[in-house]
Amino acid sequence: AIVVGEPVVMARLRRLRRMAGVAPDPLQQRAWGYFLSMGHYATALQRARRELTARRVELRDALNHYLHDAVKIQTVDGASAYWVCCRDGRDARALAVRAANAGVLIQPARLDAAQDGFAMGVTSVPRERIREGVRMLARLVRAEATRAEHGDAATTTLKPLAGTALRRAIAGKTFLYNTVYGEPCTITVRRTGALVGVAGYAGDDPDRGRWWIEGDRWFRQWEHWAYGEAEGFHVACDGVSLYWYDVSGKLVDKAVLLQSARPQPD
């Protein structure tokens, strides 16, 4: 361990170390001093920080992709974990047991306002395995999720749009939804088939993509978001919000339509 402090504190710590008989020999101290002076320790810290930041972003994006409508997350600067809260208030301990049986380890925790939740860390998880772990967790969460309003295409009074009604509801529109990490995301659907998205309060996470209609499903594919994969959805609209359902009829996303003073250009 490395301790930084006032000279009087350091002198006392050295005295305690000598009394405990664990003082390193001068040759070892010189080697450590030389190691630090060459900047290797600082470089190692920066490399570890970059890797943990990349893993944390991977975890955030996976949670936003697979559990956007089911959870919300929070973290603190410098942490290598997210604290996750299920929107339906489910028992995190019971979920942790079922997740462990499926090979995904999460830590139950009590969050702000005594909310039941769990922590997901990335310190010991390779980046390439994070997405699959979140996907497995999402299957458990969705398998037990209670049906909420507009949660199932079979039970809602909204009917999926088709044909020209589907194109009219989507083309030229701009809509807004919140990410699982609490920052807004605005998406503009150009009539030309282009998608323009901006996420974050400072607009620091932009992306572009394309959209099209096949049969009665709306397809979209981003360059970077959602892993750059094409996905198709049935779409319903109540005049205020849009609802996206998968092929099984389960709600996977929703957004609020923004009222624009002028239509989007073609």
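Throughout, numbering of the chain's residues begins at 1 and tracks the sequence.
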Engineer: Please check if the number of heavy atoms outside R167 that lie under 6.0 Å from its CZ is greater than 12.
Structural biologist: no
Engineer: Quick one: sort the F175 and W218 rings into parallel, tilted or perpendicular, breaks at 30° and 60°.
Structural biologist: perpendicular
Engineer: Starting from the C-alpha separation in whole Å, work towards a yes-or-no answer on ring pair (Phe, Tyr, Trp, His ring centres under 6.0 Å) for Y243 and H234.
Structural biologist: CA-CA 8 Å; Y243 303 88; H234 295 289; over 10 Å; no
Engineer: Within a radius of less than 6.0 Å around CZ of R30, do more than 12 heavy atoms belonging to other residues, nucleotides or ligands occur?
Structural biologist: no
Engineer: Just checking, is any N or O donor in the side chain of Y245 or D253 under 3.5 Å from an acceptor N or O on the other one?
Structural biologist: no
Engineer: Within the distance-only criterion (no hydrogens, no angle test), does the side chain of D246 pair as donor or acceptor with the backbone N or O of K250 below 3.5 angstrom?
Structural biologist: yes
Engineer: For residues G121 and A81, report the shortest heavy-atom separation together with the two atoms involved.
Structural biologist: CA-CB, 3.7 Å
Engineer: Quick one: are Q74 and Y181 in side-chain contact, heavy atoms under 4.5 Å?
Structural biologist: no
Engineer: Does this structure show an ion pair linking E229 with R131, if we count only N-O contacts that are shorter than 4.0 Å?
Structural biologist: yes
Engineer: For Q221 and G228, which heavy atoms make the closest approach, and how far apart are they?
Structural biologist: NE2-O, 2.9 Å
Engineer: Do F233 and V252 come within less than 4.5 Å of each other through their side chains, counting heavy atoms only?
Structural biologist: yes
Engineer: Could you tell me if the side chain of R190 sits less than 4.5 Å from the side chain of L195, heavy atoms only?
Structural biologist: no
Engineer: Between V134 and F118, is there shared hydrophobic-cluster membership here, with clusters defined by ILVMFWY side-chain heavy atoms closer than 4.5 Å?
Structural biologist: yes
Engineer: Kindly compute the distance separating CG (L140) from CG (L95), expressed to the nearest 0.5 Å.
Structural biologist: 6.5 Å
Engineer: Just checking E6: does its CD atom have more than 12 heavy atoms from other residues, nucleotides or ligands closer to it than 6.0 angstrom?
Structural biologist: no
Engineer: Specify the closest pair of heavy atoms between G117 and A92, including all atoms of both residues, with the distance to one decimal.
Structural biologist: O-CB, 3.1 Å
Engineer: Give the minimum heavy-atom separation between V122 and I130, together with the two atoms involved.
Structural biologist: CG1-CD1, 4.0 Å
Engineer: With hydrophobic residues grouped by side-chain heavy-atom distances under 4.5 Å, do M120 and L111 end up in a single group?
Structural biologist: no
Engineer: So, E132 and R135, do they make that salt bridge, N to O below 4.0 Å?
Structural biologist: yes
Engineer: Should V198 and L242 be counted in the same cluster of Ile, Leu, Val, Met, Phe, Trp and Tyr side chains packed under 4.5 Å apart?
Structural biologist: no
Engineer: Parallel, tilted or perpendicular: which one describes the rings of F35 and H40, with boundaries at 30° and 60°?
Structural biologist: tilted
Engineer: How about CH2 on W212, more than 12 heavy atoms from neighbouring residues, nucleotides or ligands closer than 6.0 Å, or not?
Structural biologist: yes
Engineer: Minimum heavy-atom separation for V141 and R90, please, with both atom names.
Structural biologist: O-NH2, 3.1 Å
Engineer: If you measure from CD on Q115 to SG on C85, what distance do you get to the nearest 0.5 Å?
Structural biologist: 4.0 Å
Engineer: In the structure I gave you, are the side-chain heavy atoms of T174 and I187 within less than 4.5 Å of one another anywhere?
Structural biologist: no
Engineer: Tell me whether R55 is salt-bridged to E51, with the criterion being a basic N under 4.0 Å from an acidic carboxylate O.
Structural biologist: yes
Engineer: M136 and V84: same hydrophobic cluster, using ILVMFWY side-chain contacts below 4.5 Å?
Structural biologist: yes
Engineer: Can you list the steps and then say if V189 with W211 is a side-chain contact (heavy atoms from CB on, under 4.5 Å)?
Structural biologist: CA-CA 8 Å; V189 183; W211 68 274; 3.2 Å; yes
Engineer: Rounded at 0.5 Å granularity, tell me how far CG in L137 sits from CG in L67.
Structural biologist: 6.0 Å
Engineer: Between E223 and R208, does at least one N-O distance fall below 4.0 Å, as a salt bridge requires?
Structural biologist: no
Engineer: Are C237 and L161 packed together at the side-chain level, in the sense that at least one heavy-atom pair is separated by less than 4.5 angstrom?
Structural biologist: yes
Engineer: Going by atom types alone, do R142 and Y66 pair a side-chain donor with an acceptor below 3.5 Å?
Structural biologist: no
Engineer: Does any non-hydrogen side-chain atom of K173 lie less than 4.5 Å from one of L257?
Structural biologist: yes
Engineer: Can you measure from OG1 (T186) to CG (L176) and round to the nearest 0.5 angstrom?
Structural biologist: 5.0 Å
Engineer: Looking at Y82, I'd like to know if the NZ or CZ of R56 sits under 6.0 Å from its six-membered ring centre while staying within 45 degrees of the ring's axis.
Structural biologist: yes
Engineer: Are L105 and L59 connected, step by step, through hydrophobic side chains (Ile, Leu, Val, Met, Phe, Trp, Tyr) whose heavy atoms are closer than 4.5 Å?
Structural biologist: no
Engineer: Hey, does H65 have a side-chain heavy atom less than 4.5 Å from the side chain of E231?
Structural biologist: yes
Engineer: Counting C-beta onward and ignoring hydrogens, is there a side-chain heavy-atom pair between D216 and V235 closer than 4.5 Å?
Structural biologist: no
Engineer: Does R93 come within less than 4.0 Å of D116, counting only side-chain N to carboxylate O?
Structural biologist: yes
Engineer: Give me the atom names and distance for the closest heavy-atom approach of Y201 to P184.
Structural biologist: CE2-CD, 3.4 Å
Engineer: Are more than 12 heavy atoms, taken from residues, nucleotides or ligands other than R139, located less than 6.0 Å from that residue's CZ atom?
Structural biologist: no
Engineer: When rounded to the nearest 0.5 angstrom, what distance separates OG1 in T43 from CZ in R47?
Structural biologist: 7.0 Å
Engineer: Going from CH2 on W225 to CZ on R220, what distance comes out if it is rounded to the nearest 0.5 angstrom?
Structural biologist: 10.0 Å
